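This is a predicted model, so every value here is computed, not measured.
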Amino acid sequence: MVFLSPEFIGFFLAVFLLYWTVGAGSSVRQNMILLLASVLFYGWLDLQFLALILFSAAANMAIGVAIGSAGAERVQRAWLWAGVGLNLGILAYFKYFNFFHDPIVDVLNFADGSHSRPGVELVLPLGISYYTFQLTGYLIDVFNGVVPACRQPLPFFTYVLYFPKLLAGTIERIQRFLPRIATARRFDPALISDAFRQVLWGAFAKLVIADNCARLADPIFNDAGSQGGSTLLAGAMLYLLQVYGDFSGYSNMAIGLSKMLGVPLMANFRAPLFATDVGDFWRRWHISLTTWMMDYVFIPLNFLFRGLGKLGLAMAIFITFLAVGIWHGANWTFVLFGVLQGIYFLPLAVKGSVLRPAGMKKGIGPDVKRFLAMGGIFLLMSLTFILMRVPSTGAAFAFWSGLLDRSLFEMPVLQGNPLALLLAFFIGVGWFGRSREHALAAPARPRPLLLRWGWLSFILFLVGMYSATVESPFIYFSF
Amino acid sequence: MGLYLLRALGFMAFALAVYAAFIGAWALVMPVPLRPNLIYLRGDYGYTWTRLHDLQGHGPVDVLVLGSSLAYRGFDPRVFETKGLSLYNLGSSSQTLLQTEVLVDRYLDQLDPALTLIEVAPGTFNEDGVESSLDLTSNDRVDLPLVRMAFRTGSIKAFNTLIYAAERKLTGIDHGYSEPLDKPGSMDAYITGGFVEHRQGRFEPMSLTRPTTGKPVPAQARAFERIMGHLARSNRTVVLIEAPVTAWMYASYRHHDLHAKRMASLAAYLNFNGMAGLVDTVDFFDELHLNQHGVEVFNQALLDSLKAHDLLPHPRVQP
């Protein structure tokens with residue numbers, strides 16, 4: 001039951017109608033409907049781990065209260081470490097157990113010449129990376145006095161389990177979320193219209209862009225050894241576009257659905273394809289994760305290393321990106337992904353321009369310098385993001401070495417389809433909507449009704465005409 | 001909120017109209033590779049257009065056949081005529097139970113068969129039914145059962161083709177069309193009564209990989225239940241038939257015993273795989289389909305078997 005399935009659409013319509021009729025005018029009723037719907041949604045998808053998420057929520061709420069009630073900082077700190085240890089322990093067990101367990105088993109098997117010790121195949125609970133980070137951030141914020149401990153179970157459990165963001169984020173902060181559900185939400189037609197446009201653009205990004213890119217990229221990655229350099233390069237670019245379409249599509253749908261319930265969530269992508277340097281890229285890509293890492297990893301580390309000057313800054317960046325890489329999963333490919341991103345940042349650290357926003361100039365098209373910078377970042381990220389697709393670092397090195405070949409200058413071998421036109425459309429609409437919350441957000445000066453409806457209907461038509469008929473699962477569910 | 005919902009309904013109607021207009025425009029302007037989810041297969045393959053348009057004004061028959069290409073290439077009305085029985089073959093390319101249901105809804109009363117044979121290869125229950133829905137939508141009328149089928153298929157291709165087919169019917173573009181019976185490069189010949197004869201060819205297994213068994217599609221099982229219910233309510237005699245495929249192919253079927261048990265629990269069930277007298281490299285032109293010699297051997301065995309089981313109807317319509 002994921003966003004685009006008929007079951008989910010039926011489920012959401014029922015929740016939507018209940019929420020705005022039975023729940024109207026009462027925040028308690030609205031939150032109860034949201035919580036019940038969220039429990040139902042999670043139970044439907046992953047019944048075996050429903051108890052785990054409920055336990056995590058209850059434990060973190062209790063620990064938050066304990067931190068908030070403790071008089072002495074020493075006691076508060078003890079509770080904080082207990083909570084962080086619990087959260088990261090659960091995450092480490094499910095997500096990283098095999099990462100450490102399998103090599104040990106291999107060594108033991110090798111040592112005694114037996115093959116009797118089996119590996120363990122642990123199933124990853126849905127959404128665990130996202131809700132664990134939310135809860136950990138919450139405990140740190142309570143400890144730092146940024147937010148008071150939440151003592152009301154209904155809003156707290158709603159925050160943790162809220163179904164639009166449950167499976168793949170956004171990693172929402174409690175201080176943003178709770179005020180939005182503290183009072184009764186009013187039916188706002190403008191917000192809901194905007195939500196519909198955002199969901200539509202998300203569906204376009206997922207069904208038309210991501211799934212069609214996957215159709216071309218998959219055969220290249222599945223048989224990378226026999227592909228020419230230019231085809232590998234095309235595969236890498238297609239994969240980056242696939243990940244972007246997939247995850248930004250999911251995020252836009254999640255944020256749009258939440259807006260339909262009167263609860264705006266934070267933006268998760270802001271036109272990252274138009275980034276002009278690595279720092280700019282990461283300020284636009286998976287924003288809820290990067291801001292979380294910024295607040296809870298980078299800033300404390302930067303403070304810790306403050307005496308080391310630029311070296312300290314570089315170390316803080318490097319460790320932060322290592323954490324970003326490892327957050328994605330238990331594989332050396334993700335570690336290498338983080339290491340590379342950290343290395344890309346070093347020139348910015350030396351220049352002292354890490355935290356300087358690149359800005360987004362207005363105008364019909366970028367100037368040559370910006371255009372080349374965008375192309376460079378796109379290429380760099382394409383070549384790096386293959387680490388999320390290949391099974392091992394060895395396969396990644398083989399992929400990169402396959403690029404260094406005379407065949408890099410030949411025409412890539414790709415099945416013909418209308419994807420190039422669709423990508424041009426996707427990037428073009430994204431460019432003109434780059435300064436808004438999402439590409440289809442209403443412009444400042446409203447257009448005539450027929451024009452607006454015609455434009456949205458045309459995009460609906462494109463979704464219907466060019467959706468890939470084989471849908472790929474959302475990539476970020478596996479993180 | 002009520003006003004907003006009204007406005008939303010207005011937008012939906014507007015969007016549907018724009019969507020339909022673009023479907024028509026795209027079909028006119030765009031080459032086929034640039035409109036992947038709009039596939040209109042009028043007169044394309046399997047003679048579905050001719051088979052269904054031959055039915056107009058057709059009277060009752062003794063035997064009705066439904067199913068996939070194993071049906072329309074496997075049940076020859078001329079062999080049944082030798083026993084004085086009239087047969088109409090409503091098989092079509094990759095027909096699944098979702099399409100069989102539409103045909104039963106449309107034509108059962110008109111053809112009023114004394115015996116209905118449904119070809120039930122195990123794979124039929126594992127198909128999504130999209131390919132056949134496009135075939136049926138492109139080659140027959142647009143009506144409520146067809147719309148229901150498009151919803152049950154759940155494929156955007158089925159919806160787009162349905163909209164386009166409706167536009168063609170409304171504008172009368174297909175009026176006067178007749179499918180060419182002699183298709184260049186084809187070894188097929190259409191025989192009155194819905195059968196397609198394959199003129200020559202022998203099966204050569206060397207170059208082929210056996211397909212793997214798919215997963216059951218719940219919508220097909222539900223359609224099958226509805227078909228059987230419909231036939232039971234109209235007191236029809238039904239026989240479920242597994243038409244022969246090559247032994248090479250049959251060996252790849254997994255859990256066939258479960259399928260056979262289930263079929264036998266629902267109606268009279270006859271499985272002709274492994275029957276004597278059929279040889280892969282002599283009686284089949286590919287891994288699934290009988291050539292004309294094979295069809296004649298199989299149909300004779302079928303008639304004998306129906307007679308032995310006292311299922312063969314008495315001729316009521318004189319050939």
Q: If I measure from the heavy atoms of chain B, does A:Leu450 come under 4.5 Å with its side chain, its backbone, both, or neither?
A: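 For A:Leu450, backbone and side chain are both near chain B.
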
Q: Counting only heavy atoms not in B:Leu258, do more than 12 sit closer than 6.0 Å to its CG atom?
A: yes

Q: Anything in residues 219-227 of chain B with a heavy-atom distance to chain A below 4.5 Å? Please list those residues in order.
A: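 Counting heavy atoms that sit under 4.5 Å from chain A, no residue of residues 219-227 of chain B is involved.
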
Q: Taking the side chain as every heavy atom from C-beta outward, state whether B:Val18 and A:Trp453 have any atom pair closer than 4.5 Å.
A: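 Heavy-atom side-chain distance check fails, nothing below 4.5 Å.
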
Q: Any side-chain heavy atom of A:Leu456 within less than 4.5 Å of one from B:Phe11?
A: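 A:Leu456 vs B:Phe11: side chains touch.
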
Q: Might you point out which heavy atoms bring A:Gly464 and B:Tyr19 nearest each other, and give the distance in Å?
A: CA-OH, 3.2 Å

Q: Decide if atom CE of B:Met30 counts as having more than 12 heavy atoms of other residues, nucleotides or ligands within a radius under 6.0 Å.
A: yes

Q: Which residues in residues 146-159 of chain B have any heavy atom lying under 4.5 Å from a heavy atom of chain A?
A: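 Expected list: B:Ile156, B:Lys157.
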
Q: OH/B:Tyr4 to CH2/A:Trp20 distance, rounded to the nearest 0.5 angstrom?
A: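 The CH2 atom of A:Trp20 is 11.0 Å from OH of B:Tyr4, to the nearest 0.5 Å.
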
Q: Is the number of heavy atoms from other residues, nucleotides or ligands under 6.0 Å of A:Met32 CE greater than 12?
A: no

Q: Name, in order of residue number, those residues of residues 182-198 of chain A that have a heavy atom at a distance of less than 4.5 Å from a heavy atom in chain B; otherwise write 'none'.
A: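 Within residues 182-198 of chain A, near chain B: A:Phe187, A:Pro189, A:Ile192, A:Ser193, A:Phe196.
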
Q: Check whether B:Ile23 gets within reach of chain A through its side chain, its backbone, both or neither, counting any heavy atom under 4.5 Å.
A: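 Contact with chain A is through both the backbone and side chain of B:Ile23.
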
Q: Ignoring hydrogens, what is the shortest heavy-atom contact between B:Arg7 and A:Leu449? Give both atom names and the distance.
A: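 Closest heavy-atom pair between B:Arg7 and A:Leu449: NH2-CD1, 3.3 Å.
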
Q: Suppose a student defines contact as a heavy atom less than 4.5 Å from any heavy atom of chain A. Which residues in residues 34-53 of chain B would they list?
A: B:Leu34, B:Arg35, B:Pro36, B:Asn37, B:Leu38

